[in-house]
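Below, all heavy atoms of this structure are taken into account, side chains as well, without hydrogens, waters or symmetry copies.
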Amino acid sequence: MGLNDTDPDANRVHDLPATGAEDQTPATAKTNQESGSDDISSSISQPEKLVDEKKAPNTDSDGVDDQDTESELGRGRSPPEGDLEDPPRLQPCRRSSSFARSAVVIPRGERRGLLGRFAIIPEVEDPYHYNRNTKWMITAIVALAAAAAPFGSGIFFPSLSEMSRDFNVSQTIVNLTVALYMLAMSIFPLWWSSFSETLGRRTIYVVSFTLFVVFSILSAVSVNISMLVVMRLLAGGASASVQAVGAGTIADIWETAERGAAMGYFYLGPLCGPVFSPIIGGALSQAYGWRSTMWFVTIYGGVMLLLIIFGLPETLAQSRLKLNKPPPAPNPESPNLALQKVSTTQSVKLKTKSVVALLKRFFLDPFKVLAYLRYYPVQISVYSASVAFCALFILNISIQSTFTSAPYNYSGVIVGVLYLPLSLGYVTASIFGGRWIDYIMAREAKKAKRYDPETGKLIYLPEDRMRENMWLAATLYPGALIWYGWTAENGLHSAVLVIGTFFFGCGSMLVFGAVTTMLTEFMPHQSSGGVAVNNFVRNIFSCVGAIVAQPLIDSLGNGWLCTIVGLFAWITGNLAIWLLRRYGNKWRGDMDAALGMK
């Protein structure tokens, strides 16, 4: 596809991944030169030099090296006379795989975010300039924090029967502690995401995890099922911040060429919750009762709060923070107005406008991101993930219900272990799926010869992530769900059932990873908002799935329920992929124009 001045994709120019000489273009073929820096923390990338197109940099006879010359040029000053006979045309050298570039560290006293001065990793002006080790460290912290929400959900599954007996209520009522937890995870990220785009990521993390610890304590000491359900709902809303803001953090620090792999590893956090929480929950509830699971979640939340305070800097670039901040409301007590004669009526009007603006900021603005659902690329991507998420929670409820009753009658610990193959499927797809979609995206850009004519850099399109990986996923997880349903219906050995759950985990994770990464790229200026929309819709689907699963299992059985859900997911999932492949380029161009990205 040729590129011209009216190409809607022109705004999506990204750097080439450093994968070898075959990726180089004339504009990026120089060798990377790095220099040391004594005043910048070791966690920040070393400055990138500018190299002459004709010769490599060297030290001049007067003792002024090229790094000093570059510093002067970068500040708009002329180099010392005689250093350069004719000012050569300078260009950035090809970056190494670490994407190393010049980094400007923010002084400790000026760092943003709540308790920002206590962060060990320093804040920089442009988070892309962190070196790879630091980026992976930030990714790991955010991934561990993202594990808190699904951990708080999955740790309850093995002890649902015990809670039903303890509070003397039905299994369906107890399932509300999971269903409403998921509902809160769908709604609260709208606020967390909206505030993170103006207040920054770090403040949201600190506030939300403080609330998560408080509500987890109250859940542990609940005296009746009503209190438990309410506290669980609030805890789910608090923990859900990372579900949206975490993906925004990944988009803050990783460029498009490597973002798929980074997003895959980030998702290892949320998926480690389902890996370990049922096992830990089963062991704790069997030994100490179901309340011990809530105390464990409280401790985990407290540890993560400390890790966030001391290990996570603000990653939202200052330029984006200024762009996203709403205009200040008029202040009737400002010095400019104090010099004027303001009538009582005018003062009341100004104060009223200020109050209205504040109320609008808290109660209406968070819902603005839902308007993105009017765009077909967002709508179809979110739908694909939501159907898979609904099927996942139907499967989660079915596993607990099936293996605690005849003919299995397993203990809570064994039931927890039987969730492990499902989660291992998640992990497998997270590790390999992220790199796979990065490879597919780069391959499609090269195949279409989408290079920017001025810089020679590849132009990446979000819909290119939805290729053979999604066709495979849209068939794999529905088929695995049907396999599980009929093997469970016929009471086959548990080893046969978990084969289906493993492949369900692989297929569904391929969907989750691709959709989340695409949404951060469809809306690059509000990446956490796109993920918040996805969480909102998919967690509503999961809430419905968790509520209806047990009654449908009782009436239809595992076999027919999983068949109905699996066939619906297979038909509509493949249709969604076909539509995005067929019309995605046009739809995205229209969306870019509407959002002012053209």
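- In this structure, CD on Gln379 lies 11.0 Å from CG on Leu580, to the nearest 0.5 angstrom.
- A donor-acceptor contact shorter than 3.5 Å links the side chain of Thr177 to the backbone of Val174.
- For the pair Glu123 (side chain) and Arg111 (backbone), a donor-acceptor distance under 3.5 Å is absent.
- In this structure, Ile204 CD1 and Ser193 OG are separated by 9.0 Å, a value rounded to the nearest 0.5 Å.
- Listed for the Ser194 side chain is no donor-acceptor partner under 3.5 Å among the backbone atoms of Trp191.
- Two residues are said to be in side-chain contact when any heavy atoms from C-beta on lie closer than 4.5 Å; Arg201 and Phe195 fail this criterion.
- The nearest pair of heavy atoms linking Ala251 to Arg259 is O-NH2, 3.7 Å.
- Panel note: side chain Ser405, backbone Thr402; a donor-acceptor pair is recorded below 3.5 Å.
- Asp438 places a side-chain N or O within donor-acceptor distance of the main-chain N or O of Ala261, the cut-off being under 3.5 Å.
- The backbone N or O of Leu510 sits nowhere less than 3.5 Å from a side-chain atom of Tyr477 that would complete a donor-acceptor pair.
- In this structure, Leu422 and Val498 have side chains that are not in contact, with every pair of non-hydrogen atoms separated by 4.5 Å or more.
- Side chains of Tyr419 and Ser277: a donor-acceptor N/O pair is absent below 3.5 angstrom, by distance only.
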Inset, instruction - Starting from the C-alpha separation in whole Å, work towards a yes-or-no answer on side-chain contact (heavy atoms from CB on, under 4.5 Å) for Val537 and Leu370. - result: CA-CA 9 Å; Val537 177; Leu370 295 180; 5.7 Å; no
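- The shortest heavy-atom contact between Val297 and Phe151 is CG2-CD2, 4.3 Å.
- Remark: Thr428 OG1 to Phe503 CZ distance equals 9.5 Å, nearest 0.5 Å.
- For Cys390 against Gly545, the heavy-atom pair with the smallest separation is SG-CA, 4.1 Å.
- Looking only at side-chain heavy atoms (C-beta outward), Pro313 and Arg202 stay at 4.5 Å or farther from each other.
- More than 12 heavy atoms of other residues, nucleotides or ligands sit less than 6.0 Å from atom CG of Asn224.
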Inset, instruction - Test Arg538 against Val382 for side-chain contact (heavy atoms from CB on, under 4.5 Å), laying out the working first. - result: CA-CA 7 Å; Arg538 78 175 193 175; Val382 168; 5.9 Å; no
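- The distance from the CG atom of Leu497 to the CG atom of Leu492 is 6.5 Å, given to the nearest 0.5 Å.
- Distance alone, capped at 3.5 Å, is enough to place a donor-acceptor pair between the Glu314 side chain and the Leu316 backbone.
- Between the CD1 atom of Ile141 and the CZ atom of Phe310 there is a distance of 12.0 Å, given to the nearest 0.5 Å.
- Put simply, the side chain of Asp166 never gets that close to the backbone of Glu162: no donor and acceptor are under 3.5 Å apart.
- Remark: Trp483 CH2 is loosely packed, at most 12 non-hydrogen atoms of other residues, nucleotides or ligands lying under 6.0 Å away.
- Aromatic ring pairs are classed by plane angle as parallel below 30°, tilted from 30° to 60° and perpendicular above 60°; the pair Tyr265 and Trp136 is perpendicular.
- Counting only distance, with no hydrogens or angles, the side chain of Arg291 and the backbone of Ser219 share no donor-acceptor pair below 3.5 Å.
- Considering only heavy atoms from C-beta on, Ile173 comes within 4.5 Å of Ile225 through its side chain.
- Interatomic distance, CD1 of Ile397 versus CG of Leu552, reported as 12.0 Å (0.5 Å rounding).
- Within the 4.5 Å cutoff, the side chain of Tyr426 has heavy atoms near those of the Ser508 side chain.
- When only modelled atom types and interatomic distance are considered, Ser208 and Trp192 share no side-chain donor-acceptor pair under 3.5 Å.
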Legend entry - side-chain contact (heavy atoms from CB on, under 4.5 Å) between Leu312 and Leu307, intermediate numbers included: CA-CA 7 Å; Leu312 195 63; Leu307 195 56; over 6 Å; no
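- The heavy-atom pair separating Leu481 from Cys562 by the smallest distance is O-CB, 3.4 Å.
- Side-chain contact between Asn409 and Thr404 is absent, with no heavy atoms from C-beta onward closer than 4.5 Å.
- Minimum heavy-atom separation, Gly113 to Thr203: CA-OG1, 3.3 Å.
- In this structure, Met466 and Met518 have side chains that are in contact, with non-hydrogen atoms separated by less than 4.5 Å.
- Residues His493 and Thr487 form no side-chain contact, since every pair of their non-hydrogen atoms from C-beta on lies 4.5 Å or further apart.
- Close placement of the Phe167 and Trp290 rings is indicated, their centers lying within 6.0 Å of each other.
- Looking at Thr249 and Tyr205, their side chains do bring a donor and an acceptor atom within 3.5 Å of each other.
- Looking at Ser164, its side chain never comes within 3.5 Å of a backbone N or O of Leu160 through a donor-acceptor pair.
- Here ring pair (Phe, Tyr, Trp, His ring centres under 6.0 Å) pairs that include residues 375-400, with residues two or more places apart or in two chains, are Tyr376-Trp587, Phe389-Phe393, Phe389-Phe512.
- Around atom CH2 of Trp560, no more than 12 heavy atoms belonging to other residues, nucleotides or ligands sit under 6.0 Å away.
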Inset, instruction - For side-chain hydrogen bond (donor to acceptor under 3.5 Å, both in side chains), just list the numbers for Asp554 and Gln550, CA-CA rounded to whole Å, side-chain angles, deciding distance to a tenth of an Å, and then say yes or no. - result: CA-CA 6 Å; Asp554 294 338; Gln550 191 61 52; 3.1 Å; yes
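- Closest approach of Ala385 to Asn534, counting heavy atoms only: CB-OD1, 3.6 Å.
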Inset, instruction - Give the C-alpha distance, both sets of side-chain angles, the deciding distance and a yes or no for side-chain contact (heavy atoms from CB on, under 4.5 Å) between Phe296 and Leu284. - result: CA-CA 9 Å; Phe296 185 91; Leu284 288 174; 3.7 Å; yes
Inset, instruction - Run the numbers on Ser216 and Trp295 for side-chain hydrogen bond (donor to acceptor under 3.5 Å, both in side chains), then give the verdict. - result: CA-CA 7 Å; Ser216 295; Trp295 288 116; over 6 Å; no
